[in-house]
Amino acid sequence: MAFLKRRPAAAEVDFDHLPRHVAIIMDGNGRWAKRRGLPRTAGHAAGAENFRTIATYCKDIGLEYLTVYAFSTENWKRPAEEVTAIMGLLKKYLLEAIGRMERDRVKMRFFGDLSLLDPELQRLCRRTEEISTHYEGCQVNICLNYGGRDEVLRAARAFAQACVRGESRPEDLTEEAFGSYLFSAGVPDPDLVIRPSGEIRISNFLLWQSAYAEFYFTDVLWPDFTKEELHKALAAYQGRSRRFGGV
């Protein structure tokens, strides 16, 4: 895994050779609000609006896949008011997205255990995924009640159960076969993982899938992460030599 230093100059981006899949840890909403004397919920609202802006822009420039970390398995530890606000924002976004999907034609998919969400939110997630099957183009993957370790454990259990049923043998397991048990089955691994907010860790995000990803960290908080900041990340990525262990 390579760690990227920030580079300026949006003009350096070659839009004809973009990474196929970009993943973003949308971090810093609470600190953004605190710096402005606002409640943390206001930061999440600003972050949700910025997600809409960045996702639309990724579609416009021709990115194939965008994966975002919306709510982790650990985020349930946050105050109930904050969790409720985050879920409310997600419901609002999905209701609006369903009404605009025919126009925007952005596909959506969810990674994570949705069974712990309230029934209405589960229904909205299933509905957006169902509508998405009719479109081609940019796919936005929303990691919701998601944890990388949890995903790997679930995949291991699923493969073990297939072995017990006689459908597979331990010696048949390959990286490709294991990937088919992950939430991200069928989606190419991310080429670039971006984390705003100044934190330099991946926080249980796409542990299996990001084995060969390039990483880009910036001090900019997520609500302030603009198209120009995305350009900097893309330019930095394009300055790397991706050898995947070769020379």
Side-chain angles (χ1 to χ4, degrees), residues 4-10 13 19 21-61 63 65-97 100 104 106 108 110-112 121 128 138 140-146 190 192-206 215-237:
L4 304 180
K5 294 182 178 179
R6 287 176 292 165
R7 288 173 56 191
V13 177
H21 183 176
V22 171
I24 303 177
I25 300 173
M26 302 186 296
D27 192 23
N29 295 334
R31 276 167 285 172
W32 182 90
K34 184 177 180 180
R35 290 178 184 179
R36 289 160 176 77
L38 300 171
R40 289 177 60 86
T41 52
H44 292 302
E49 187 59 35
N50 196 44
F51 161 66
R52 187 198 311 275
T53 299
I54 294 299
T56 300
Y57 183 65
C58 286
K59 180 206 72 169
D60 292 343
I61 63 176
L63 198 70
Y65 296 92
L66 172 67
T67 299
V68 296
Y69 210 179
F71 192 86
S72 76
T73 50
E74 292 77 28
N75 286 156
W76 295 107
K77 302 173 186 176
R78 295 186 175 188
E81 178 185 2
E82 185 173 343
V83 171
T84 299
I86 292 171
M87 294 301 169
L89 287 167
L90 183 59
K91 284 183 185 179
K92 178 177 180 291
Y93 174 80
L94 290 179
L95 285 168
E96 293 174 356
R100 297 166 51 177
D104 295 343
V106 172
M108 283 191 200
F110 294 87
F111 296 170
L121 188 49
T128 54
C138 182
V140 178
N141 307 305
I142 300 175
C143 293
L144 184 57
N145 193 28
Y146 172 90
L192 171 63
V193 176
I194 301 170
R195 180 163 192 166
S197 85
E199 305 293 349
I200 306 177
R201 57 177 179 271
I202 58 175
S203 296
N204 207 15
F205 182 52
L206 301 179
F215 281 79
Y216 178 88
F217 299 96
T218 174
D219 293 335
V220 174
L221 302 176
W222 171 246
D224 292 328
F225 189 88
T226 61
K227 299 173 186 177
E228 290 71 27
E229 292 298 329
L230 178 62
H231 290 166
K232 293 176 186 178
L234 294 172
Y237 167 83

Can you find a pair of side-chain heavy atoms, one from [X] and one from [Y], that are under 4.5 Å apart?
X: Pro196; Y: Ile24; value: yes
X: Thr53; Y: Asn50; value: yes
X: Leu206; Y: Pro190; value: yes
X: Leu66; Y: Lys59; value: no
X: Ile194; Y: Glu229; value: no
X: Thr84; Y: Glu81; value: no

At what distance, to the nearest 0.5 angstrom, does [atom1] of [X] lie from [atom2] of [Y]?
X: Phe111; Y: Asn145; atom1: CZ; atom2: CG; answer: 14.5 Å
X: Trp32; Y: Asp224; atom1: CH2; atom2: CG; answer: 7.0 Å
X: Glu199; Y: Thr218; atom1: CD; atom2: OG1; answer: 12.0 Å
X: Leu234; Y: Leu63; atom1: CG; atom2: CG; answer: 7.5 Å
X: Leu38; Y: Asn29; atom1: CG; atom2: CG; answer: 12.0 Å
X: Thr67; Y: Ile25; atom1: OG1; atom2: CD1; answer: 11.5 Å

> Considering residues at least two apart in sequence or located in another chain, which fulfil the ring-ring contact (aromatic ring centres under 6.0 Å, His included) criterion with Trp222?
Replying inline: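 For Trp222 the ring-ring contact (aromatic ring centres under 6.0 Å, His included) partners, ignoring immediate neighbours, are Phe225.
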
>> For Tyr93, give me all partners under ring-ring contact (aromatic ring centres under 6.0 Å, His included), at least two apart in sequence or on another chain.
In response: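 If we apply the ring-ring contact (aromatic ring centres under 6.0 Å, His included) test to Tyr93, skipping adjacent residues, the hits are Phe51.
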
Short side-chain to backbone donor-acceptor contact, [X] and [Y], under 3.5 Å:
X: Tyr146; Y: Phe110; answer: no
X: Arg52; Y: Ala48; answer: no
X: Arg31; Y: Ser197; answer: yes
X: Arg195; Y: Arg201; answer: yes
X: Tyr57; Y: Leu230; answer: no

> Is it true that Glu96 and Lys92 make a salt bridge, defined as a side-chain N closer than 4.0 Å to a carboxylate O?
Replying inline: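 Salt bridge present between Glu96 and Lys92.
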
Where is the tightest heavy-atom contact between [X] and [Y], given as atom of each residue plus distance?
X: Tyr216; Y: Leu192; value: CB-CD1, 4.0 Å
X: Ala46; Y: Pro223; value: CB-CB, 4.0 Å
X: Pro19; Y: Val22; value: CG-CG2, 3.7 Å
X: Asn141; Y: His21; value: ND2-NE2, 4.3 Å
X: Ala45; Y: Leu89; value: N-CD1, 3.5 Å
X: Val83; Y: Arg78; value: CG2-O, 3.8 Å

> Strictly under 6.0 Å, is that where the ring centroids of Phe71 and His44 end up?
Replying inline: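 Distance test on ring centres: not under 6.0 Å, no.
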
> Under the side-chain contact (heavy atoms from CB on, under 4.5 Å) criterion, do Leu121 and Leu94 qualify, and how do the steps go?
Replying inline: CA-CA 9 Å; Leu121 188 49; Leu94 290 179; 3.8 Å; yes

> Is there a side-chain contact (heavy atoms from CB on, under 4.5 Å) between Leu221 and Arg35 once you walk through the steps?
Replying inline: CA-CA 11 Å; Leu221 302 176; Arg35 290 178 184 179; 3.5 Å; yes

